Amino acid sequence: MWEDLKLKADELGERRIVDLFKTPMRAQHFSVTACKMRFDYSKTLLDTEVTWQLLHLADAARVSSKAKAMFAGDPINETEGRAVLHTALRNTSGVPVELNGKDIMPEITETRTRMEAFAEDVRAGEITDVINIGIGGSDLGPAMAVRALAPYHDGPRCHFVSNVDGADIADTLKLCDPQSTLVIVASKTFTTIETMTNAATAKAWMKGNGGNPGLQFAAVSSSLEKTREFGIHPSRVFSFGDYVGGRYSVWGPIGLSLMLAIGPERFRQFLAGARSMDNHFREAPLAENMPVLLALVGIWHAQILGYETRAVLPYDDRLARLPAYLQQLEMESNGKRVAMDGAVVEVPTGPIVWGEPGTNGQHAFYQLIHQGSRIVPCEFLVAARGHEEDLQHHHDLLLANCFAQSEALMVGRKFKEAKAKISDYFNGVELQRQAAHRVFPGNRPSTTLIYEQLDPETLGKIIALYEHRVFVEGVILGINSFDQWGVELGKELATALGPMVSGKASAEEKDSSTQGLIDFALRHRRADA
Ligand code: F6P
């Protein structure tokens with residue numbers, strides 16, 4: 001099947017996306033509407049035959065039955081022997097979710113009820129600022145969502161500290177009052193060195209400045225023992241099971257900072273949005289299934305056509321952290337080189353994901369997207385409606401720019417047109433030379449996801465859409481999207497390097513590059529050295 005698709009790609013030759021629009025109703029046939037959102041993938045080189053081949057690939061990989069297994073709590077994270085049940089965190093249907101014969105919904109609901117009571121309490125009290133200390137999945141989800149839902153904030157200000165670089169915590173603490181700040185230490189394992197270092201620094205800051213860490217610290221973790229050792233009372237600890245991976249955890253206690261910012265009611269709307277995408281993913285046939293189609297477009301671009309990166313371009317400034325969030329979701333999930341059975345995967349796996357909000361990116365890296373020698377499939381996201389009703393003209397410009405980019409990428413500008421544009425200013429050889437610089441090859445693929453407005457429900461839908469897209473791509477590639485062994489080696493080596501960079505141990509066993517870097521760092525450790 002891969003071979004058929006590759007043959008098809010080889011046959012594309014000079015085919016142009018724009019010509020595919022000569023087929024009537026192309027946009028209708030290559031768009032899907034679900035959960036009040038429209039995903040348009042017509043500005044790609046996909047035609048009906050390729051789409052069917054891709055659907056066949058998904059079918060042969062047993063995407064539907066594997067999705068069923070995920071929702072049913074089978075241990076599909078095989079390398080860690082775990083179920084994958086982040087979807088249970090947003091299961092508000094009352095339907096039980098069984099894991100090893102036990103319904104896990106009562107524990108999930110009980111934790112959510114405790115979170116809600118805690119959030120109401122904090123929101124009604126004297127706390128002015130909340131600092132979420134966490135990293136990776138314990139940071140990116142709530143940080144992205146808190147920013148995305150700024151118009152719905154009516155709780156304390158939320159700050160996020162993730163980096164072990166002291167600059168991160170130092171700059172944040174400067175903004176907060178130690179007596180009216182709540183610190184949430186968010187770490188599934190409660191062992192992550194960055195988080196534990198920042199948590200200790202925050203605790204010392206609070207203690208030394210009249211605050212009360214005993215009352216002003218809360219924790220989100222799976223390890224009650226470790227949170228107790230750190231001194232956090234169990235009544236302020238919110239935990240979740242090992243069936244929820246870090247990068248899939250925003251729906252539960254890791255979302256506590258979001259709940260504090262927008263309130264429990266809106267947090268529930270966020271969950272309901274995700275839930276509606278879950279239902280769509282479970283029920284819609286593959287050919288009408290938005291996450292499946294998003295995944296198949298991804299497979300077509302990355303694995304069949306060999307495009308190495310994909311740009312996520314939200315024309316929605318409040319989604320500024322979405323690309324970073326998706327980098328973890330997609331690259332930590334599908335950046336693997338071996339299949340579930342340990343054999344090396346024969347096609348390239350997860351693509352490099354990057355991006356920035358539009359229109360900012362237009363004035364930075366779009367040059368390469370339009371005229372560079374690499375093709376970068378672009379994924380645009382935009383709301384039909386902004387929140388700033390009195391600034392409608394801004395939103396109109398935003399929409400116009402978003403749609404203009406996908407059109408420009410597709411249509412391009414031919415040499416003849418470029419020449420005509422500047423023929424009043426240049427002639428002869430100079431006209432030829434100048435026109436060459438103004439040619440846009442076009443035929444560059446993009447997709448657009450358009451939704452009504454970025455409210456809590458819609459954000460939930462968008463995130464769940466991408467989660468399921470990652471799942472489908474992982475199933476088709478035959479890899480385990482739910483482990484992350486690739487982050488371990490660096491952690492081990494950092495632990496060994498710690499004493500060397502502080503001058504307490506010799507670095508002589510290290511390679512000469514590492515030795516040279518350590519030597520430079522040690523010599524410049526102090527400004528007066
Ligand atoms: O190092 C990678 C990772 O394990 C991520 O998968 C995870 O989201 C992050 O670290 C943080 O882990 P924890 O929540 O246990 O501190």
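In listed order, ligands and their atoms are each counted from 1. Please read these numbers as outputs of a predicted model, since none were measured by experiment. For the single chain, residues carry numbers from 1 onward in sequence order.
Remark: Arg282 is positioned above the aromatic ring of Phe71, its terminal NZ or CZ atom under 6.0 angstrom from the ring centre and at most 45 degrees off the axis.
Counting heavy atoms from C-beta on, the side chains of Arg266 and Asp455 never come closer than 4.5 Å.
Remark: Thr447 OG1 to Glu379 CD distance equals 4.5 Å, nearest 0.5 Å.
Protein residues with a heavy atom under 4.0 Å from ligand 1 are Ile135, Gly136, Gly137, Ser138, Ser187, Lys188, Thr189, Thr192, Gly246, Gln328, Glu332, Gln484, Val487, Lys491.
The nearest pair of heavy atoms linking Pro234 to Arg228 is CG-NH2, 4.0 Å.
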Problem set entry | Derivation and outcome, ring pair (Phe, Tyr, Trp, His ring centres under 6.0 Å), residues Phe238 and Phe118 | CA-CA 10 Å; Phe238 304 92; Phe118 178 78; 5.3 Å; yes

Exercise. Going through the distances and angles, do Leu305 and Trp300 end up as a side chain to side chain contact (heavy atoms under 4.5 Å, CB included)?
Worked result: CA-CA 6 Å; Leu305 296 177; Trp300 170 241; 3.6 Å; yes

